[in-house]
Amino acid sequence: MYDVIIIGAGVVGCSTAYWLSQYKMSIALLETHNDVANAATKANSGCMHAGYDPEPGSLMAKYNVEGSIMAKELCQKLDVPYDNCGSLVLAYNQDDIQTLQDLYQRGQQNGVKDLYVLDEKQTRELEPLLNKKVVGSLYAKTGAIIDPWQFAIALAEVAVENGVDLKLSNEVQSITKEDGIFIVSTNKDQYQCKYIINAAGVYSDVVHEMIGKKEFTIIPVRGQYYLLDKNEGEKVKHILFQCPSKLGKGVAVCPTVHGNMIVGPDAEMVEFEDLATTAKALNYIKERSILTMDCINFRENIRNFAGIRARSDRGDFIIEESKSVENFYNLAGMASPALTAACAIGYHVIDWLNTKEKFTRKENYQETRKKVRFKDLSFEQKNELVAKNPAYGKIVCRCEHVTEGEILDCFNSPIPPKSMDAIKRRTNAGMGRCQSGFCGERVAMILKEKLNIEFNEVLLDKEGSNILMNKAKEGEY
Ligand SMILES: Cc1cc2nc3c(=O)[nH]c(=O)nc-3n(C[C@H](O)[C@H](O)[C@H](O)COP(=O)(O)OP(=O)(O)OC[C@H]3O[C@@H](n4cnc5c(N)ncnc54)[C@H](O)[C@@H]3O)c2cc1C
């Protein structure tokens with residue numbers, strides 16, 4: 001029996017596992033998919049919001065501001081790409097300038113540091129390629145960008161090192177309670193525990209209602225994106241938001257930690273898993289982005305994708321013990337800014353548990369993680385590494401400069417990859433301009449060899465995403 005079962009290995013579940021793994025308790029992290037960070041956590045803007053946007057007094061405001069401060073240090077400890085690039089909310093007229101003042105005041109109330117309202121000249125000094133219509137901005141120095149899936153993977157890897165049992169491909173299907181003990185049944189097995197942390201993202205209401213009464217509803221809201229190649233990435237230095245107005249929240253134009261430019265998202269209510277991209281939404285995003293910069297070359301687009309926000313009907317995060325089931329805690333309604341807030345949300349879960357029984361810290365636990373990123377090393381460091389292990393001398397992904405050594409490292413990590421996209425999330429192989437056109441075959445080959453499987457069993461990503469179906473004729477695939 002476990003002390004705690006966490007349901008859902010997105011960034012919120014992984015952060016909870018990371019912090020709880022520092023305490024003397026047994027923990028299982030159950031996840032439907034074959035990898036962590038494989039839902040909203042892998043498909044978002046990757047922005048660490050400063051915290052001027054949420055309503056003062058809301059849970060979003062509290063955890064956003066705390067999370068944005070914590071994430072900076074945590075990313076350093078976990079060797080996760082993080083860039084404190086700052087953000088600008090762009091104004092186009094006097095009404096917008098008033099909105100910036102309101103956002104500034106809100107930021108002050110929320111405790112956001114280093115916020116400034118800038119005039120046109122100051123704004124253009126920071127971001128020279130802005131649309132000529134921009135007349136000012138709200139500058140948040142604490143705004144940052146991160147690699148969101150690396151963040152969750154790193155949190156989960158350290159949690160596993162500290163003893164958390166990660167059960168991938170385990171979809172929770174029912175929950176009952178007998179004599180104060182939860183019985184959690186998945187498609188694979190049955191587990192028992194004293195406490196449940198529900199971090200099931202867009203399904204968190206469904207999971208809660210497996211045992212509890214209806215207390216909230218999750219509304220899935222899809223957002224779509226363009227991901228542009230690195231020469232476009234050079235055009236933007238800060239996270240650029242458009243001032244919210246009666247036309248809506250606009251779209252963001254941001255740099256990514258990998259050097260690309262990302263443009264989006266829109267907001268559209270959809271069915272749970274509808275991750276389709278549509279011409280209508282992408283055209284809208286392209287047209288709206290012109291207000292930010294009219295020099296974006298969309299011919300440099302290398303990928304479109306969509307993510308689903310788990311918006312709650314309360315308009316705020318739901319971070320509370322269930323009212324109908326004792327010892328069942330909901331971390332739900334995790335729409336934006338939950339990527340920013342996740343580390344603070346997970347950090348405080350122990351406070352709840354310690355009101356029920358006293359969990360003490362372990363004498364020894366791991367807090368950090370280190371990764372080899374070959375392309376970031378100096379010439380001397382590269383030579384030294386290749387001399388030790390020639391696999392680092394073989395470039396597999398030419399666009400992102402990823403070596404065979406780095407890909408092989410993943411298989412010795414606490415959460416080895418089971419698919420090509422899992423390798424991509426861990427190493428960046430396949431993330432570049434050719435989108436794995438050149439390296440895909442080599443990555444598939446490594447996966448086949450390391451997992452000791454047939455070629456037609458190699459997955460692109462989730463279960464069922466086999467890259468090959470059948471042999472076309474006798475012989476090799
Ligand atoms: C378009 C978009 C843009 C965003 N931009 C930002 C941003 O810039 N900054 C920011 O701070 N936030 C942003 N967000 C929000 C942020 O991405 C999410 O809030 C965050 O990733 C949510 O993490 P999570 O762990 O709650 O959910 P998820 O990452 O969705 O993880 C939930 C997990 O639970 C699992 N699960 C569900 N049901 C079960 C079950 N029955 N059994 C087992 N496992 C289950 C799922 O498979 C999934 O892996 C954005 C979101 C979207 C969609």
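Indexing begins at 1, ligand by ligand and atom by atom, following the structure's order.
- For Lys133 and Tyr92, the positive end is not near the middle of the six-membered ring at less than 6.0 Å and at most 45° from its axis.
- The Val207 neighbourhood of ligand 1 comprises atoms 41 (N), with distances under 4.0 Å to a heavy atom of that residue.
- For the ligand labelled ligand 1, residue Val11 lies inside the 4.0 Å heavy-atom shell.
- Those atoms of ligand 1 that come under 4.0 Å of a heavy atom in Ile308, given as number and element, are 53 (C).
- Taking the side chain to side chain contact (heavy atoms under 4.5 Å, CB included) definition, one finds that Cys410 meets it with Pro417, Arg426, Thr427, sequence neighbours left out.
- With a heavy-atom cut-off of 4.0 Å, His49 touches ligand 1 through its side chain alone.
- Of all the heavy atoms of Cys14, none lies under 4.0 Å from any atom of ligand 1, so neither backbone nor side chain is involved.
- Ligand-side atoms of ligand 1 in range of Ala338: 11 (O), 12 (N), 19 (O), range being under 4.0 angstrom from any heavy atom.
- Nearest protein heavy-atom contact of atom 42 (N) of ligand 1 is Val172 N, 2.9 Å.
- Taking every heavy atom of Gly201 and a limit of under 4.0 angstrom, the matching atoms of ligand 1 come to 27 (O), 32 (C).
- Ligand-side atoms of ligand 1 in range of Gly46: 8 (O), range being under 4.0 angstrom from any heavy atom.
- Ligand-side atoms of ligand 1 in range of Glu171: 41 (N), 42 (N), range being under 4.0 angstrom from any heavy atom.
- Within ligand 1, counting atoms from 1 as listed, the ones closer than 4.0 Å to a heavy atom of His33 are 47 (O).
- For Cys47, a nitrogen or oxygen atom sits less than 3.5 Å from a nitrogen or oxygen atom of ligand 1, counting backbone and side chain alike.
- Scored by the side-chain hydrogen bond (donor to acceptor under 3.5 Å, both in side chains) test, Gln150 finds Arg369 as partners (sequence neighbours excluded).
- Using modelled atom types, one finds no donor on one side chain facing an acceptor on the other under 3.5 Å when comparing Thr186 with Gln173.
- A donor and an acceptor atom, one from each side chain of Tyr225 and Ser45, are located under 3.5 Å apart.
- At least one N or O atom of Leu339, backbone or side chain, sits closer than 3.5 Å to an N or O atom of ligand 1.
- Checked by distance only, ligand 1 and Pro337 come closer than 3.5 Å through their nitrogen or oxygen atoms.
- Heavy-atom proximity to Ala43, at under 4.0 Å, picks out these atoms of ligand 1: 1 (C), 2 (C), 52 (C), 53 (C).
- The backbone of Asn170, and not its side chain, has at least one atom closer than 4.0 Å to an atom of ligand 1 (non-hydrogen atoms only; backbone = N, CA, C, O).
- Of the protein's heavy atoms, Thr41 OG1, 3.4 Å lies nearest to atom 23 (O) of ligand 1.
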